[in-house]
Structures are given as C-alpha cells and as structure tokens.
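These notes are about the structure you will find just below.
The basis for the numbers below is simple: all heavy atoms, side chains too, and nothing from hydrogens, waters or symmetry mates.
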Amino acid sequence: MKEIIISPLENQQTAFKYVKKYLKDAPLSFIEKLFRKKDVKVNKHWVKKDYLLKTNDLLQIYVKDEQLEEFTKRPRQVAASVKIMVVYEDENILILNKPKGVLVHEDKNEKVNTLANGVITYLTNKGEYSPLFNNAFTPAPCHRLDRNTSGLIVFAKNFESLQAMEKLFKEKSSLDKYYLALVVGEVNSDGVVNAPLKKDATSGLVRVAKDGKTAISEYQVVKKLHGYTLLKIHLITGRTHQIRVHMAYIHHPVVGDGKYGDFKVNRDFKAKYKYDTQFLCANELHFDKVTGKLAYLSNKTFHQDLSDKEKAILASL
C-alpha cells in the first residue's frame, strides 16, 4: 500500500486523474479496477473516481510493492540550460519571455533544453517544486508558442492554476493576446482576416479551406516602412500557425517565415541582417475581468518588447 500526502501543487485534481498520473505505466484497466475494488482511499475512506483531492489529504493506494515498482518510474531530473527570463511571477503562475529558437516541449531532436524543462529546473532550484515528490503534477505551459516565435508565454505552478488559465485561453472572453509582426509590403489600413484554417496531418502545414476551423485575426498598422509594415495583431481565435497563414493569405507574409513566407525576402534578410527566423513576437497579454483563483489578474496587462536586433532592423528600414 502506498500513502501520499497531497501537496498544494496537486490540489483539486480528481482522484482518478491523480492515480492515473502516479501509476503512469499501469494499464487504464488496472486503474479502473482499483476504484471498482475500493482500493483507493482518501483520509481512510473509500472515494469515487471524481473525488476532488485537497491539500493535505492522505491518499492511500492499495497495490502490491512489485506492482508499485512496475507501474512507477523514478522521475527523470533534467538540468536544462535554457535561460529563464521572468516577466511576472507569483505563487500560481510564471509569465516568461520565450526566446526564438527554443522549443516549449521536447521533440525527437531535443529532449533536454526546452522551456518546460527550464521551468522545472528553475522552480526546483528555488525549492518550489521537486520532480521526486510532486508525482502527479508538473509545472506546465498554459498555451502554445511556436519554436521561432518569441515573447510572452504563461506557465502554471499548480494544477488549479493550470485549469483556470487554460480555460481563459480557450474561452478568450477575459484574455486577449497581441503580437507584433513585420510583414512584407505596405499595409495601408487596419483590417480583419476571417478565413477558416485546416491542418494537413501529413505535412503539418496549415491552409485556408472552406471546411476548416473558424479563424479570425484583427490587425492594426503600427508603422509603415519602405516595402514593409509593422503590424499589431489581435488573435480572436487561436489556431495553429494562424497569424502566419492569414498574413500570407492577404499577400503580406511575415518576414522570415520559412513555411508560408516570401523566400526571396527571407534570403535578403538573412544576407543583410543575419536574421533567419520569423519576425513575430507575442508582445502583450491583457486580462479583463477574471474570476476564481486568478481573479487578482483582472485588468492587468503584461508587455514584452522586441529584441534589440529586431529594433535595429526596424530602424534600418
């Protein structure tokens, strides 16, 4: 039998979700059977799968020692060398400035130096998190940001905050995301792109398609430059590659975009400025009226400026 004291980071998870994460190598049928046989207790009382765990609850899982060893692996402690640039931090969330070229999550080519691992290393060094003792929650990003997009990204430090923040990003009624993008061509006025998007499962490319998902982007002219325009873009929806595809769709692709951009312009920027990534920065998060655990974020706005190199490029244009 395994006894676990629920930490504040793990508060408000269902018993089923917690046990499933804790016994992460166990078949789902095994977890279901534990609950059917009343082999999961909280504070010495049998609980159903949907019981919401609370801080300092005593969770008891009645499994044999050999099963426990089989279904749990010692968490891998990863010392990531990614620089963590904190824009805002409290007991619930981290808002970071993600550099270009850094993955949020690992992929087949990069397993260590990701932003997610960097956050774990950062919080472990601060003594706020331990991969060895917090078995059913890992600090996690609340939304996506492409590898070559820089700017603001939010991480949750505990499960309750992750749920609350993911809901804000999904519903978008109390949270607005804005980006700065340098696009090819001179955009004469503000506008809206309302064009459904569909992702090709094989290539990973996104295109405008009638049978795609609704996608809406608002854009505002910040500064006209010789042959280029700096735009502030407000995402009404949040589809994969939305800004990049929408800007290409209206014939003003994002400078440096290797998938949907103007390849000649990209070559010129690489040769002239040694800049070979997309000129796109998630530069503003605005919270409107927020309720619940994160209500204190109401009416707060967070900014991240362009890099010095990007400012220099704009000045030269």
Shortest non-hydrogen contact from I31 toward A26: CD1-CB, 3.9 Å

salt_bridge(D176, K172) N-O dist < 4.0 Å: no

Carboxylate-amine/guanidinium proximity below 4.0 Å for K157 and E128: yes

Side chain D257, main chain K259, donor-acceptor under 3.5 Å: yes

Verify same cluster id: M247, V208 (apolar side-chain graph, 4.5 Å): yes

F30 with Y22, same ILVMFWY side-chain cluster at under 4.5 Å: yes

Pairwise side-chain contact, Y260 with L205, heavy-atom cut-off 4.5 Å (strictly under): yes

H286-Y178 aromatic ring centre distance below 6.0 Å: no

Any donor-acceptor pair under 3.5 Å from H246 side chain to A195 backbone: yes

Closest non-hydrogen atom pair, L175 against L285: CD1-CD2, 4.2 Å

In one Ile/Leu/Val/Met/Phe/Trp/Tyr side-chain cluster, 4.5 Å: L197, L145: yes

From H241 atom NE2 to L280 atom CG, the distance as rounded to the nearest 0.5 Å: 10.5 Å

Identified side-chain contact (heavy atoms from CB on, under 4.5 Å) partner of V19 from the options L53, I4, I61: I61

Residue that, paired with D268, satisfies side-chain hydrogen bond (donor to acceptor under 3.5 Å, both in side chains) out of K264, K270, K272: K264

Presence of salt bridge, D200 and R207, under 4.0 angstrom: no

side-chain contact (heavy atoms from CB on, under 4.5 Å) partner of E32, the single match among K20, K37, K49: K49

Within 6.0 Å of NZ in K309, more than 12 heavy atoms from elsewhere: yes

Shortest non-hydrogen contact from C142 toward L162: SG-CD1, 4.0 Å

K41 NZ/CZ over W46 ring centroid, <6.0 Å and within 45° of normal: no

Cationic N near anionic O, under 4.0 Å, K100 to E310: yes

Check: Q163 main-chain N/O paired with E166 side-chain donor or acceptor under 3.5 Å: no

Salt-bridge contact R244-D146 (side-chain N to carboxylate O under 4.0 Å): yes

I153 reachable from Y129 in the ILVMFWY side-chain graph, under 4.5 Å edges: yes

Any H252 side-chain heavy atom under 4.5 Å of L231 side chain: no

side-chain hydrogen bond (donor to acceptor under 3.5 Å, both in side chains) assessment of E160 paired with N11: CA-CA 7 Å; E160 265 191 286; N11 185 45; 2.7 Å; yes

Basic-acidic side-chain contact under 4.0 Å: E89, K126: yes

Close side-chain approach of Y219 to V192, heavy-atom, < 4.5 Å: no

Nearest non-hydrogen partners of A15 and V47, listed with the distance: CB-CG2, 4.2 Å

S174 side-chain N/O to K289 backbone N/O, donor-acceptor pair under 3.5 Å: yes

Salt bridge (charged side-chain N to carboxylate O under 4.0 Å, His left out) between K232 and E218, worked out: CA-CA 8 Å; K232 184 171 185 176; E218 296 179 341; over 6 Å; no

E171 side chain vs L168 backbone, donor-acceptor pair below 3.5 Å: no

Considering all heavy atoms, the nearest S161-N92 contact: OG-CB, 3.1 Å

Shortest non-hydrogen contact between S7 and T55, atoms and distance: O-OG1, 4.1 Å

Q242 side chain reached by T237 side chain, heavy atoms, under 4.5 Å: yes

Close side-chain approach of L180 to L306, heavy-atom, < 4.5 Å: yes

Same cluster (ILVMFWY, side-chain, under 4.5 Å), V102 and V154: no

Close side-chain approach of Y18 and T14, heavy atoms under 4.5 Å: no

Lys/Arg N to Asp/Glu carboxylate O, K33 vs D39, below 4.0 Å: no

Donor-acceptor contact below 3.5 Å, side chain R239 vs main chain G212: no

Y273 and F269 aromatic ring geometry - parallel, tilted or perpendicular at 30°/60° bounds: tilted

Contact check, side chains of K213 and K198, non-hydrogen atoms, under 4.5 Å: no

Heavy-atom side-chain proximity of L294 to F287 below 4.5 angstrom: no

NZ/NE/NH1/NH2 to OD/OE distance under 4.0 Å, K224 and E186: no

